[in-house]
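Quick caveat, the model's predicted, so the values are computed rather than measured.
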Amino acid sequence: MNTPRNPFRLNLGFFLPQEIGYNHDFPFEFEKIKLTENFSLDNFDGTVTVSRTPQGLLLQGDFSGDIGLECVRCLKKYTHRLNWDMTELYVFNREDAEDDALLLPFNAEVDIEEFVREDAQIDIPINPICKDDCLGLCQVCGTDLNIKDCGHEELPPDEDDFEQSSPFAGLKDLR
């Protein structure tokens, strides 16, 4: 499936004559979508619901997509499912706008790509783990402990290294 040139640009002009409470869904579904030069998602899908309010147009979206990550324990690549949502209010009057970017443009076209991208990036885990019970790698030989047990035991912390690196090392002498 080809990605349209600006898939997140929504023409919302037809909302202006509608009464308060009117809403419409905009579905998104892409096999692969490139959000920046170095950031793309597979199996992307989502829906943005736009609702007419007295102040403007409320956009509420739920999205999900797959990203390839590397597990911090076993160093294997795996596919991680991102799930995120967004809520933005585009107002009609400048007095109601906290940010000029959220003032509904004269042509009533809004581009939500920046919101989708930023919220997706926030959902990426800092320390990705392929599965909750991932055993990681052996500290002695580097064997993937998810595949087989190499027989090495976990290394005890080196007491000298701990004493020198600990901010509490000086308290040991107070006894």
Could you grab the distance from atom CD1 of Ile67 to atom CG of Asn43, nearest 0.5 Å is fine?
12.5 Å

Just jot down the salt bridge (Lys or Arg N to Asp or Glu O under 4.0 Å) partners of Asp85, sequence neighbours excluded, or say none.
none

Any non-hydrogen side-chain atom of Ile33 less than 4.5 Å from a side-chain atom of Pro7?
yes

If you apply the rule side-chain contact (heavy atoms from CB on, under 4.5 Å), what do you find for Val116 with Val48, and how did you get there?
CA-CA 10 Å; Val116 171; Val48 173; over 6 Å; no

Could you go step by step and tell me if Leu16 and Phe92 meet the side-chain contact (heavy atoms from CB on, under 4.5 Å) rule?
CA-CA 10 Å; Leu16 299 178; Phe92 298 134; 3.7 Å; yes

Mind checking the OG-CD spacing from Ser51 to Gln18? Nearest 0.5 Å is all I need.
12.0 Å

Min side-chain heavy-atom separation Arg52-Leu57 under 4.5 Å
yes

List the residues meeting side-chain hydrogen bond (donor to acceptor under 3.5 Å, both in side chains) with Ser64, not counting sequence neighbours, and say none if there are none.
Asp45, Arg81

Those residues at least two apart in sequence (or on a different chain) that pass ring pair (Phe, Tyr, Trp, His ring centres under 6.0 Å) with Phe14 are His24

Which donor-acceptor pairs under 3.5 Å do the side chains of residues 102-113 make with protein atoms, sequence neighbours left out?
unit_1, atom_1, unit_2, atom_2, d
Asn107, OD1, Glu109, N, 3.0
Asp111, OD1, Glu113, N, 3.1

State, yes or no, whether a side-chain contact exists between His80 and Pro125 at a heavy-atom distance under 4.5 Å.
yes

Regarding Asp25 and Thr49, is there a side-chain donor-to-acceptor distance under 3.5 Å anywhere?
yes

Who clusters with Leu135? Use side-chain heavy atoms, under 4.5 angstrom, across I, L, V, M, F, W and Y, and order the result by chain and number.
Leu145

Using the ring pair (Phe, Tyr, Trp, His ring centres under 6.0 Å) rule, collect all pairs that involve residues 121-143, keeping only residues at least two apart or in two chains.
none

side-chain hydrogen bond (donor to acceptor under 3.5 Å, both in side chains) partners for Asp149, two or more places apart
none

Drop me the distance from Arg117's CZ to Met86's CE, to the nearest 0.5 angstrom.
12.5 Å

Within this structure, what is the CG-CG distance for the pair Leu82 and Leu69, rounded to the nearest 0.5 Å?
7.0 Å

For Phe28, the ring pair (Phe, Tyr, Trp, His ring centres under 6.0 Å) test, sequence neighbours excluded, returns Phe8

Who else is in the cluster with Ile129 when I, L, V, M, F, W and Y are joined by side-chain contacts under 4.5 Å?
Val72

Given the rule in the side-chain contact (heavy atoms from CB on, under 4.5 Å) test, do Phe39 and Ile124 qualify, once you have shown the distances and angles that lead to the verdict?
CA-CA 11 Å; Phe39 182 50; Ile124 298 173; 3.7 Å; yes

Set of residues satisfying side-chain hydrogen bond (donor to acceptor under 3.5 Å, both in side chains) with respect to Asp144, sequence neighbours excluded:
Lys76, Asn146

Does anything in residues 46-68 pair up under ring pair (Phe, Tyr, Trp, His ring centres under 6.0 Å), and if so which pairs, sequence neighbours excluded?
Phe44-Phe63, Phe63-Trp84

Backbone N/O of Asp66 and side chain of Asp42: donor-acceptor pair under 3.5 Å
no

Only counting residues at least two apart or in another chain, list the ones meeting side chain to side chain contact (heavy atoms under 4.5 Å, CB included) with Leu75.
Glu70, Leu137

Quick one, Phe30 with Leu41, criterion side-chain contact (heavy atoms from CB on, under 4.5 Å). Give me CA distance, side-chain angles, the key distance, then yes/no.
CA-CA 9 Å; Phe30 304 109; Leu41 297 172; over 6 Å; no

Looking only at non-hydrogen atoms, find the nearest pair between Lys34 and Ser40 and report the distance.
CA-CB, 3.8 Å

